[in-house]
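Structure first, commentary second.
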Amino acid sequence: MGLDSVVTWRLEHEGRGTRMLMEHSGFDLDSPFQAVAHRTMGSGWRSSVVRSMLTVLEQES
């Protein structure tokens with residue numbers, strides 16, 4: 001019942017800044033455990049991780 005997933009980050013030049021793209025892949029959505037993990041982690045990326053990263057990056061500017 002494990003989860004073997006991959007997080008890929010990509011930075012792209014955009015105008016006078018940089019766009020950060022992230023993909024979290026490797027979920028088997030037919031598995032109830034992994035489907036719940038996918039939903040939980042998806043909302044966590046948006047609500048916590050990315051927001052915290054932006055705060056740190058803004059402090060460095």
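Reckoned from all heavy atoms, side chains included, excluding hydrogens, waters and symmetry mates.
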Using atom types as modelled and distance alone, determine if a side-chain donor or acceptor of [X] lies under 3.5 Å from a backbone N or O of [Y].
X     : Y     : result
Glu14 : Arg19 : no
His13 : Gly15 : yes
Ser48 : Trp45 : no

Nearest-0.5 Å distance, [atom1] of residue [X] to [atom2] of residue [Y]:
X     : Y     : atom1 : atom2 : value
Leu21 : Leu11 : CG    : CG    : 8.0 Å
Met20 : Glu12 : CE    : CD    : 12.0 Å
His24 : His38 : NE2   : NE2   : 8.0 Å

> Does Leu29 share a hydrophobic cluster with Phe33, counting links as ILVMFWY side-chain heavy atoms below 4.5 Å and allowing steps through other members?
Replying inline: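 Linked within one cluster.
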
> Does a side-chain heavy-atom distance below 4.5 Å link Leu3 with Met41?
Replying inline: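 Of all side-chain heavy-atom pairs linking Met41 with Leu3, at least one is under 4.5 Å.
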
> If we only count heavy atoms from C-beta on, is the Phe27 to Arg39 side-chain gap below 4.5 Å?
Replying inline: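 With C-beta onward as the side chain, the pair stays apart.
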
> Nearest heavy-atom pair of Asp28 and Gln34: which atoms, and what distance?
Replying inline: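 Smallest heavy-atom distance, with atoms named: N-OE1, 2.6 Å.
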
